[in-house]
Student: 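Take a look at this one; I'll ask things after.
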There are 2 protein chains.
Amino acid sequence: MTAPNPRLDRTFSALAHPTRRAILQRLSEGDARVTDLAEPFAASLNAISKHILALERANLVIRRKEGREHMLRLNPEPFDGALDWMVSRAELWKRRLKLLDVLLQSDHRNS
Amino acid sequence: MTAPNPRLDRTFSALAHPTRRAILQRLSEGDARVTDLAEPFAASLNAISKHILALERANLVIRRKEGREHMLRLNPEPFDGALDWMVSRAELWKRRLKLLDVLLQSDHRNS
DNA sequence: ACAACATTCAACCAAGTAGTTGAATAAATG
DNA sequence: CATTTATTCAACTACTTGGTTGAATGTTGT
């Protein structure tokens with residue numbers, strides 16, 4: 001039945017933007033402030049702030065306020081959730097496609 | 001450097017909608033026509049036709065016209081591409097986070 | 001030829017996204 | 001206290017998305 005899973009929706013759509021993937025990559029090297037994260041990009045600070053918000057909505061990033069600075073930390077948990085889903089689907093699908101292929105071949109021999 | 005990869009954009013955004021994930025699931029059980037794919041959903045046939053188009057743009061589905069019917073086939077290739085990306089990131093990130101954790105601990109002892 | 005079927009195209013709408021600029025808020029610093 | 005720094009909020013624009021309905025196109029079956 002594979003219940004609908006809104007967490008996957010948010011995780012995948014967060015991952016669908018190259019800037020957000022780059023931000024995650026950067027955060028894997030250590031926590032960083034909003035300004036630090038924005039620095040390598042051409043886009044405005046505000047644009048990056050919004051991307052961070054999207055990552056927060058997906059729970060891929062956790063914010064901790066230290067005075068006027070916001071420290072962002074990578075949270076791999078939902079990422080692992082999406083990864084698990086993909087792995088299980090990949091296995092299932094590959095198995096089934098292989099089976100269908102075999103059926104098709106024997107069908108061919110019988111026709 | 002991790003070059004930007006527009007294929008990942010399309011794959012992840014295709015996967016970000018529950019209806020499209022359900023369509024892929026259904027296609028893993030065998031090829032199907034547009035009408036067949038639409039049947040289990042509340043949404044209109046046109047809506048499903050658009051979802052299929054999105055899956056085609058991401059190359060997750062391949063269309064083969066047989067007379068008036070369009071047969072859709074699951075193409076797991078871009079799915080595997082996204083999976084590979086996720087696996088490599090998950091490993092990398094976990095390794096780095098563990099390292100940062102160790103550094104933090106020794107920092108703590110020294111203070 | 002005609003009716004039924006499979007699918008898309010076209011136009012539209014509401015909501016969401018990615019970006020901008022400019023102002024507001026709040027904390028640190030000289 | 002005034003200024004700079006870090007960040008968000010608000011308003012706006014252009015584009016995309018997910019959905020609808022109705023008409024058009026092409027194919028099959030009688």
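Proteins come first, then strands; the chains are lettered A, B, ... in the order of their sequence lines, and each starts at number 1.
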Student: May I ask you to verify whether the side chain of A/Arg68 and the base of D/dT7 hold a donor-acceptor pair under 3.5 Å?
Tutor: no
Student: Can you pull out the residues from residues 10-21 of chain B that lie within a 4.0 Å heavy-atom distance of DNA chain D?
Tutor: B/His17, B/Arg20
Student: Could you tell me from which nucleotide to which nucleotide of DNA chain C, 5' to 3', there is an atom under 4.0 Å from chain A heavy atoms?
Tutor: C/dA18 to C/dA28
Student: What residues from residues 28-46 of chain A pass a heavy-atom cutoff of under 4.0 Å to DNA chain D?
Tutor: A/Arg33, A/Val34, A/Thr35, A/Leu45, A/Asn46
Student: Looking at CG of B/Leu60 and CD1 of B/Ile23, how far apart are the two atoms once the value is rounded to the nearest 0.5 Å?
Tutor: 11.5 Å
Student: From NZ of A/Lys50 over to P of D/dC12, roughly how many Å is that when rounded to an integer?
Tutor: 13 Å
Student: When rounded to the nearest 0.5 angstrom, what is the spacing between CG in A/Asp84 and CZ in A/Arg89?
Tutor: 11.0 Å
Student: Determine yes or no for a side-chain-to-main-chain donor-acceptor pair under 3.5 angstrom, with A/Ser49 supplying the side chain and A/Leu45 the backbone.
Tutor: no
Student: With a 4.5 Å limit on heavy-atom distance, are the side chains of A/Asp36 and A/Met71 in contact?
Tutor: no
Student: Expressed in angstrom and rounded to an integer, what is the separation of B/Glu66 atom CD from D/dT27 atom P?
Tutor: 14 Å
Student: So A/Leu92 and B/Gln25, do their side chains get closer than 4.5 Å, heavy atoms only?
Tutor: yes
Student: Can you check the B/Leu53 CG to D/dT17 P distance for me, whole Å?
Tutor: 11 Å
Student: For B/Leu15, is there any backbone N or O sitting under 3.5 Å from a side-chain donor or acceptor partner on B/Arg20?
Tutor: no
Student: For a quick test of reading the model, state the closest non-hydrogen atom pair linking A/Phe79 to B/Met86 and the distance between them.
Tutor: CE2-O, 3.4 Å
Student: Check for me, please, whether A/Leu53 and A/Leu37 land in the same ILVMFWY cluster - side-chain distances under 4.5 Å, paths through other members count.
Tutor: no
Student: To the nearest angstrom, how far is B/Glu69 atom CD from D/dT25 atom C1'?
Tutor: 16 Å
Student: Within a reach of under 6.0 Å around CZ of B/Arg63, are more than 12 heavy atoms found that belong to other residues, nucleotides or ligands?
Tutor: yes
Student: Check whether B/Asn75 reaches the backbone of B/Ile62 with its side chain - one donor and one acceptor, N or O, closer than 3.5 Å.
Tutor: no
Student: Please find the pair of heavy atoms, one from A/Pro78 and one from A/Ala58, that lie closest to each other, and give the distance.
Tutor: CG-O, 3.5 Å
